[in-house]
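Lettering of chains follows the sequences in order, A, B, ..., and the numbering in each one begins at 1. Scope of the values below: all heavy atoms of this structure, side chains included, with no hydrogens, waters or symmetry mates.
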There are 2 protein chains.
Amino acid sequence: MKNFDTVSLSFDTNNHDHGRCIHTAMKVADKLCLSRSVRLTPARRRVLELIWESHHPVGAYDVLSRLSQESGKTAPPTVYRALEFLMEQGLIHRIESLNAYVGCAHPAEEHAGLFLICTDCGCAAEVHDEAIDQAIVTKAATLGFRPEQRTLEVRGTCPDCRPNT
Amino acid sequence: MKNFDTVSLSFDTNNHDHGRCIHTAMKVADKLCLSRSVRLTPARRRVLELIWESHHPVGAYDVLSRLSQESGKTAPPTVYRALEFLMEQGLIHRIESLNAYVGCAHPAEEHAGLFLICTDCGCAAEVHDEAIDQAIVTKAATLGFRPEQRTLEVRGTCPDCRPNT
DNA sequence: CTGTAAATGTTATAACATAACAATGGCGAG
DNA sequence: CTCGCCATTGTTATGTTATAACATTTACAG
Ligand SMILES: [Zn+2]
Ligand SMILES: [Zn+2]
Ligand SMILES: [Zn+2]
Ligand SMILES: [Zn+2]
């Protein structure tokens with residue numbers, strides 16, 4: 001069982017102790033919400049758990065159908081409100097190019113992520129890189145543009161889906 | 001009247017000779033399609049013109065309603081097919097975070113753009129930066145990820161919407 | 001307790017996108 | 001020329017993603 005903390009293993013979605021990912025994510029979320037005096041209600045918590053069930057981005061309506069199975073009829077606003085809350089708290093990220101949501105592994109820190117999305121297996125790894133951040137900030141400054149938020153999603157093939165070469 | 005070729009004026013959507021932008025874009029599109037032996041049919045050409053009416057990304061249904069006004073009832077597939085064609089030919093880009101489309105100023109060259117999107121005026125400037133490209137490629141390589149396509153959209157305030165400071 | 005604000009439930013609809021099949025039209029082989 | 005093919009366009013229906021608007025319930029401070 002490999003150690004998920006190693007960034008390059010973010011991709012290795014089937015061969016790590018994902019229970020640990022979930023457990024850690026939920027514990028961090030609890031602590032964070034407590035410290036911020038915001039309420040991680042059962043509904044919100046459950047949505048977060050569902051999103052964390054894998055490292056694959058998950059659509060709002062996937063979450064919705066899971067909730068409906070578990071708890072009887074559920075309407076879209078229930079899910080979207082939870083997603084909105086989780087986004088505000090930085091507990092999840094939205095993948096714009098997939099209209100889907102994925103858990104954030106570093107919700108406590110302010111950060112601009114970069115997502116490497118495998119078009120083969122569908123997994124999405126959030127990574128960070130100072131050189132990229134710097135290059136974007138520098139370019140924006142050159143043009144007199146004040147950046148506030150950004151989306152950076154790279155689609156391609158992850159190491160696990162390209163065992164050879 | 002300023003010269004649009006200057007990159008930093010990409011933002012200056014109201015104060016440049018935009019007729020020239022349109023004219024150039026359409027001429028380049030014609031030439032490119034001819035050289036590739038693909039057909040820039042009247043419908044496709046008109047959609048491209050509508051997208052080029054400004055430097056603001058425009059939604060598929062905005063295009064649709066314009067077409068309906070001009071040509072009578074038009075259905076969504078008409079627009080989406082044209083958009084698909086224009087994307088394939090690199091004549092437009094899709095802005096994922098807005099579900100909208102914008103003309104490409106450099107359709108002849110293979111390129112990965114970076115969009116600076118002003119949340120105040122709504123304009124979107126496509127810029128390119130070798131340092132950013134390089135940083136992303138390097139990071140991906142480090143992780144064993146083979147990048148194929150990417151989305152990079154930065155939201156913030158453009159120079160025109162922040163005259164002071 | 002009770003008033004109030006946050007959270008959730010409910011219904012309806014908006015906004016974005018594609019599937020499936022029919023009809024038309026450009027264009028080269030014969 | 002004209003036939004046949006394939007790209008293009010038309011048409012209808014539906015799928016997918018997201019929000020508006022208002023009612024009801026719940027947490028919890030005072
Ligand atoms: Zn995991
Ligand atoms: Zn994150
Ligand atoms: Zn212009
Ligand atoms: Zn471009």
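Across B:Gly113 and B:Arg150, no two heavy atoms sit closer than the pair O-NH2, 3.6 Å.
The side-chain heavy atoms of A:Lys139 and A:Ile136, taken from C-beta on, include no pair separated by under 4.5 Å. Counting heavy atoms from C-beta outward, B:Tyr101 and B:Pro57 have side chains that stay 4.5 Å or more apart. Residues A:Cys121 and A:Asp160 are not in side-chain contact: their nearest non-hydrogen atoms beyond the backbone lie 4.5 Å or more apart.
Of the residues in residues 64-71 of chain B, none lies under 4.0 Å from DNA chain D by heavy-atom distance.
Distances shorter than 4.0 Å separate some side-chain N or O of B:Thr41 from OP1 or OP2 on D:dT9. In this structure, B:Thr78 reaches the D:dG10 phosphate: one of its side-chain N or O atoms is under 4.0 Å from OP1 or OP2.
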Subject >> Derivation of the side chain to side chain contact (heavy atoms under 4.5 Å, CB included) call for A:Cys33 and A:Arg44 >> reply: CA-CA 11 Å; A:Cys33 288; A:Arg44 291 166 174 175; over 6 Å; no
Original post:
Should A:Phe85 and A:Leu40 be marked as a side chain to side chain contact (heavy atoms under 4.5 Å, CB included) after you check the CA-CA gap, both sets of side-chain angles, and the distance that decides it?
Top reply: CA-CA 9 Å; A:Phe85 171 86; A:Leu40 189 61; 4.0 Å; yes
Subject >> Contact letters for nucleotides 25-30 of chain D, in which S counts primed atoms plus P, OP1 and OP2 and B counts the base, heavy atoms under 4.0 Å >> reply: --S---
**OP:** Quick one, give me the B/S/- string for nucleotides 16-24 of chain D, reading 5' to 3', where B means a protein heavy atom under 4.0 Å from the base and S means that only happens at the primed atoms, P, OP1 or OP2.
**Re:** -BBBBB---
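Defined by atom type and a distance below 3.5 Å, a donor-acceptor pair is present between the side-chain atoms of B:His55 and B:His18. In this structure, a donor-acceptor pair under 3.5 Å is absent between the side chains of A:Glu126 and A:His106. Side-chain contact, B:Glu96 with A:Thr151: no donor N or O sits under 3.5 Å from an acceptor N or O. Side-chain contact check for B:Gln134 and B:Thr138: at least one donor-acceptor pair (N or O, by modelled atom type) lies under 3.5 Å.
The CG-P distance, from B:Leu40 to D:dA7, rounds to 18 Å in whole Å.
Position along DNA chain D of the nearest nucleotide to B:Val38 versus B:Lys73 favours B:Val38 as the more 5'-ward residue.
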